Visitor: 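Here it is, the structure, as C-alpha cells.
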Amino acid sequence: MFSKKTMVVAGAIILIVLNGIVFSFNYIRKSSFQSAAVQTVLFFVAPVQEGVSGTIKFTEHIWNQYFDLVDTTRENEDLRRQLAEVHQQIHAISEMAIENARLKRFVDFKAASTHTMVAAAVVATDPSPWYRTVIINKGKADGIEKGYPVMVPEGIVGQVTGVSSGYAKVLLIIDRNNAVDALVQRTRARGIVKGMSDRLCRFDYALRKIDIGVGDTAITSGYDGIFPKGLRIGRVSKILRRNSGIFQEIELTPFVDFQKLEEVMVILNPPAPDFPEE
Amino acid sequence: MRYSAFLAFSVFLMVTQTVVLYEMSAALRFYDLLVPLVIYFSLYRPFREGLPIILLTGIMMDMLSAAPIGIYMTVYLWLYVAFRQTWRVIQVKQNLLFPMVVTAGVLFENIVFCIIIILQNGVPGLFPDAVNMIGAQLLWAVFTSPFMLILLHALFQLFDRLGAGNLQESEQS
C-alpha cells in the first residue's frame, strides 16, 4: 500500500514528534509516571552499577595497595640499608674520634718530651697467658734496640727484649720477669717494681720504717739504666706491714691499662743511668 | 709441599692465638691452640711428619713468648712422645676421648709453666688467680677440642689429597 520510502519518512517523522513530546515533559510539571520510571530503573540498575563500581574500586584499591606495598617494601629495604650505612659511618667516625684523641695525646706527649721517640702499634701478644709481652710493628729499621724503654702518656709500659728489622718484642712491667728501679714520689722511698699479675705490680724492698701510703705515686728512679728518671709507673693500692721482716709488702696498680694497649712509644735515646751521689 | 702446609697451619694457629684471640678479648684466657695439633700429630700422623713440625713450632713459640727459651719445644715434645706411647696401651685414639686427651695436655703444659715460674720466682711468682686461669683454659679445652678435632681431620684429609695429587703429577712427569 505504501512504498518503502514513504514508510521510512513516516517513521522518522513519528520518532521526531515522539522525541519532541518526551522533551516537552521537561518543561511541564514532572509526572508521577516519570518518577516511577526513574525509581524502577534505579531499582534494577543501580545495585548492579554499585556492585561493578565497588568491584572496580576494590580491585583498584588492591592493585594500588599491592604496588604501594611493593614500593614500601623496596623503600623499607632502602631505608634499612641507608640506616645500616649511617650506623656504620657513625661507628667509624666515633672510632676515628677515639683514635684521634688517643693519637693527639701521643703527639702532645711527644712534643712535650725531651726524648726522641718513635710510635708503634701493638700487633700481637704473648702466646702464653703466664707471660706478658707484646709485639710492636717497629724494629731495628726504625732505630729500636734491645733494652729501649717503652711507654705511653699514662706511664711506662715495659722494655724491648727482642728486636728484628721490622718488629720488636716488649716485656711489659706486669710480667714477673721485669724489674724497674723506682721511687715513691712523695717520700722518695726507693724500691724495685716487679710484675705480679694481669693488672698489678709489687713494689719490693721498701723499708718498713719508711712512710708510704695508699694512693702514693711510684715513678722511675733512673738508676736502672733503662728508664729515664721521673716517668710515672703506678699508684700504691695496698700496703702490708708485717711485724717480722725489714721490708713492707706493697701492691702497685700501674697507670697503664694493659688490656687496652694499642699504641706505644719507644724512647730512642734513653739517658745514661742517673746514679745517686754518694 | 705437605710440610709447608703443616707449618703454615701451625703459623695460622699461632696468629689466631696471639692476635685474633687477643683482639677479641685479652681476658678470654684461651688455651694453647698448638696443644691439640701436637696431640693430633702424636695420635694420627706418622713420626716423620710430626717430629719436625713439632720441633719447629716449639721453637717459633719460644721465640714469640717471654717464657724461658725451650720451654714450649720441651712441652710439645713431651706431649708428643707421651701420647704416642700412650695410644699403644690405651685406646686414646677414639674420637670421643680427644677432648679429654687435649684437656690433659693443656693441664700438663700449665703444670710445667707453673713449675718453671715457681723455680724462677718462688710461689709468690704465680698469679694470684692462677687456679682460675688454669680452670678457664681447661674448660675451653673441654668444649672446643671436639671442633678442633673435626677441623684437623678435615684439614689433614685435604693435605693428604693434595699431597697424593702432587705425587701422581710428579710420577707422570
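So you know, we letter chains A, B, ... as the sequences are listed, proteins then strands, and number each from 1. Because the structure is predicted, anything quoted here is derived from the model rather than measured.
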Visitor: Got more than 12 heavy atoms from elsewhere within 6.0 Å of OH, Tyr167(A)?
Guide: no
Visitor: Which answer fits Leu13(B), side chain, backbone, both or neither, if we ask what part of it has an atom under 4.5 Å from a heavy atom of chain A?
Guide: neither
Visitor: Looking only at heavy atoms, which two atoms of Ala66(B) and Asp126(A) are closest? And how far apart?
Guide: N-OD2, 2.8 Å
Visitor: Where does Tyr31(B) contact chain A at under 4.5 Å (heavy atoms): side chain, backbone, both or neither?
Guide: neither
Visitor: In Å and rounded to the nearest 0.5 Å, what is the CG to OG distance from Asn110(B) to Ser128(A)?
Guide: 7.5 Å
Visitor: Does atom CZ of Phe147(B) have more than 12 heavy-atom neighbours, drawn from other residues, nucleotides or ligands, at distances under 6.0 Å?
Guide: no
Visitor: What do you reckon, is CZ of Phe255(A) surrounded by more than 12 foreign heavy atoms closer than 6.0 Å?
Guide: yes
Visitor: Tell me if the CZ atom of Arg80(A) is crowded by more than 12 foreign heavy atoms within 6.0 Å.
Guide: no
Visitor: Name the region of Leu261(A), side chain, backbone, both or neither, that has any atom closer than 4.5 Å to a heavy atom of chain B.
Guide: both
Visitor: Among Leu64(B), Asp32(B), Leu34(B), exactly one meets side chain to side chain contact (heavy atoms under 4.5 Å, CB included) together with Pro127(A). Which residue is that?
Guide: Leu64(B)
Visitor: Just verifying a value: how many Å separate Trp130(A) CH2 and Ile71(B) CD1, rounded to the nearest 0.5 Å?
Guide: 11.0 Å
Visitor: Can you list the residues of residues 134-145 of chain A that sit under 4.5 Å from chain B, counting heavy atoms only?
Guide: Ile135(A)
Visitor: Side chain, backbone, both or neither: which part of Leu33(B) has a non-hydrogen atom closer than 4.5 Å to chain A?
Guide: neither
Visitor: Determine the option with the most heavy-atom pairs under 4.5 angstrom with chain A, choosing from Met133(B), Met61(B), Glu109(B).
Guide: Met133(B)
Visitor: Which region of Met63(B), side chain (C-beta onward) or backbone (N, CA, C, O), has a non-hydrogen atom less than 4.5 Å from a non-hydrogen atom of chain A, or is it both or neither?
Guide: backbone
Visitor: Considering all heavy atoms of both residues, which atom of Lys169(A) and which atom of Asp62(B) are nearest to each other, and what is their separation?
Guide: NZ-O, 4.4 Å
Visitor: Counting heavy atoms not belonging to Arg199(A), are there more than 12 under 6.0 Å from its CZ?
Guide: no
